[in-house]
*Asks:* 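First the structure, then my questions, so here it is.
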Amino acid sequence: QVQLVESGGGLVQAGGSLRLSCAASGGIFSINAMGWYRQAPGKQRELVAIITSGGSTRYADSVKGRFTISRDSAKNTVYLEMNSLNPEDTAVYYCNAEGRYFSVNWDNLHAWGQGTLVTVSS
């Protein structure tokens, strides 16, 4: 079973930086895209950033110019570098992976991490 393990969340002051990491492991799989989503209290989960296996990236307008997504395909790991954080960035950040995995047959992979809390104080 493919698992995503996130790390790097925590408490930071406004204007500060954090780096999130997410590593995929377990079984035989092929990842097409990995991304970060976030969910603030009382709000729906929203896309933060996505990176494809080819290196294409997409960002939410609210984080463009402040956040950078990158990946190490050899390690099946995705990173989110977050700069100039503000209190509106406070949320639980979830890692996502889309692709294919092999069990008895090849099937579609839609995996989520357990989430890591990012709190930005003013």
Side-chain angles (χ1 to χ4, degrees):
Q1 188 75 5
V2 180
Q3 292 185 327
L4 302 182
V5 178
E6 301 137 335
S7 61
L11 174 64
V12 64
Q13 289 187 332
S17 299
L18 281 176
R19 188 189 194 214
L20 306 182
S21 300
C22 171
S25 64
I28 302 171
F29 57 91
S30 174
I31 295 177
N32 294 329
M34 297 187 77
W36 290 95
Y37 291 73
R38 67 186 181 187
Q39 188 166 17
K43 294 187 177 181
Q44 290 188 332
R45 189 174 298 189
E46 63 177 0
L47 170 70
V48 177
I50 287 178
I51 185 166
T52 69
S53 58
S56 298
T57 58
R58 180 160 59 99
Y59 296 90
D61 289 342
S62 60
V63 307
K64 283 180 181 177
R66 300 187 299 122
F67 291 11
T68 302
I69 190 170
S70 61
R71 67 185 289 177
D72 184 336
S73 296
K75 297 181 179 180
N76 292 310
T77 299
V78 65
Y79 307 95
L80 186 68
E81 187 75 36
M82 305 185 292
N83 298 313
S84 301
L85 285 161
N86 58 63
E88 289 70 39
D89 295 315
T90 295
V92 177
Y93 284 70
Y94 296 92
C95 177
N96 170 260
E98 301 290 326
R100 303 278 286 174
Y101 76 96
F102 184 82
S103 180
V104 176
N105 299 296
W106 284 99
D107 205 346
N108 291 325
L109 171 66
H110 307 288
W112 289 94
Q114 80 284 357
T116 185
L117 178 62
V118 172
T119 304
V120 184
S121 63
S122 56

*Asks:* Determine yes or no for a side-chain-to-main-chain donor-acceptor pair under 3.5 angstrom, with T52 supplying the side chain and G54 the backbone.
*Replies:* yes
*Asks:* Nearest heavy-atom pair of L4 and A24: which atoms, and what distance?
*Replies:* CD2-CB, 3.4 Å
*Asks:* Check whether NZ of the Lys or CZ of the Arg R45 lies under 6.0 Å from the centre of the six-membered ring of Y94 and within 45 degrees of that ring's axis.
*Replies:* yes
*Asks:* Within the 4.5 Å heavy-atom criterion, are E98 and I31 side-chain neighbours or not?
*Replies:*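 No, side chains not in contact.
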*Asks:* May I ask you to establish whether R100 and F29 are in a cation-pi arrangement, using a distance under 6.0 Å from NZ or CZ to the six-membered ring centre and at most 45° from the ring axis?
*Replies:* no
*Asks:* For residues E6 and Y93, report the shortest heavy-atom separation together with the two atoms involved.
*Replies:* OE2-O, 3.8 Å
*Asks:* Short question: side chain of T116, backbone of G9 - any donor-acceptor pair under 3.5 Å?
*Replies:* yes
*Asks:* Grab the two heavy atoms, one from M34 and one from V78, that are nearest each other, plus how far apart they are.
*Replies:*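 Where M34 meets V78 most closely, the heavy atoms are CE-CG1, 3.7 Å.
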*Asks:* Do you know the tightest heavy-atom contact between V48 and V63?
*Replies:*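 Shortest heavy-atom separation between V48 and V63 comes out as O-CG2, 3.6 Å.
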*Asks:* Before giving the answer on side chain to side chain contact (heavy atoms under 4.5 Å, CB included), spell out for Y101 and N108 the whole-Å C-alpha distance, their side-chain angles and the decisive distance to 0.1 Å.
*Replies:* CA-CA 6 Å; Y101 76 96; N108 291 325; over 6 Å; no
*Asks:* Does the gap between the ring centers of F67 and W36 come in under 6.0 Å?
*Replies:* no
*Asks:* Looking just at side-chain N and O atoms, do S53 and N32 make a donor-acceptor pair shorter than 3.5 Å?
*Replies:* no
*Asks:* Using modelled atom types only, decide if a donor and an acceptor are shared between the side chain of N96 and the backbone of A111 within a distance under 3.5 Å.
*Replies:* yes
*Asks:* Is there a donor-acceptor contact under 3.5 Å from the side chain of T90 to the main chain of E88?
*Replies:* no
*Asks:* Just by distance, do the side chain of Y59 and the backbone of I69 share a donor-acceptor pair under 3.5 Å?
*Replies:*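 Checking the backbone N and O of I69 against the side chain of Y59, a donor-acceptor pair under 3.5 Å is found.
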*Asks:* Taking all heavy atoms of S121 and all of P87, pick out the closest pair and write down the distance.
*Replies:*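 Here S121 and P87 meet closest at C-CG, 4.5 Å.
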*Asks:* Go through it in stages, so that I can follow the logic: the residues are L18 and V118, the test is side chain to side chain contact (heavy atoms under 4.5 Å, CB included), and I'd like the CA-CA distance, side-chain angles, deciding distance and then a yes or no.
*Replies:* CA-CA 9 Å; L18 281 176; V118 172; 3.8 Å; yes
*Asks:* Could you check if a side-chain atom of R38 sits within less than 4.5 angstrom of a side-chain atom of L47, using non-hydrogen atoms only?
*Replies:*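 Heavy-atom side-chain distance check fails, nothing below 4.5 Å.
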*Asks:* Evaluate the side chain to side chain contact (heavy atoms under 4.5 Å, CB included) criterion for residues Q13 and L85: first the C-alpha distance (whole Å), next the side-chain angles of each, then the deciding distance (0.1 Å), finally the verdict.
*Replies:* CA-CA 8 Å; Q13 289 187 332; L85 285 161; over 6 Å; no
*Asks:* Pair V2, L109 - check side chain to side chain contact (heavy atoms under 4.5 Å, CB included), show working.
*Replies:* CA-CA 8 Å; V2 180; L109 171 66; 3.9 Å; yes
*Asks:* Which heavy atom of S84 sits nearest a heavy atom of S17, and at what distance?
*Replies:* N-OG, 4.4 Å
*Asks:* May I ask whether L11 and L20 are part of the same hydrophobic cluster, defined by side-chain heavy atoms of I, L, V, M, F, W, Y residues being less than 4.5 angstrom apart, directly or through others?
*Replies:*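 No, L11 does not connect to L20 through the hydrophobic network.
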*Asks:* Can you tell if the side chain of Q39 reaches within under 4.5 Å of the side chain of E46, non-hydrogen atoms only?
*Replies:*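 Not in contact.
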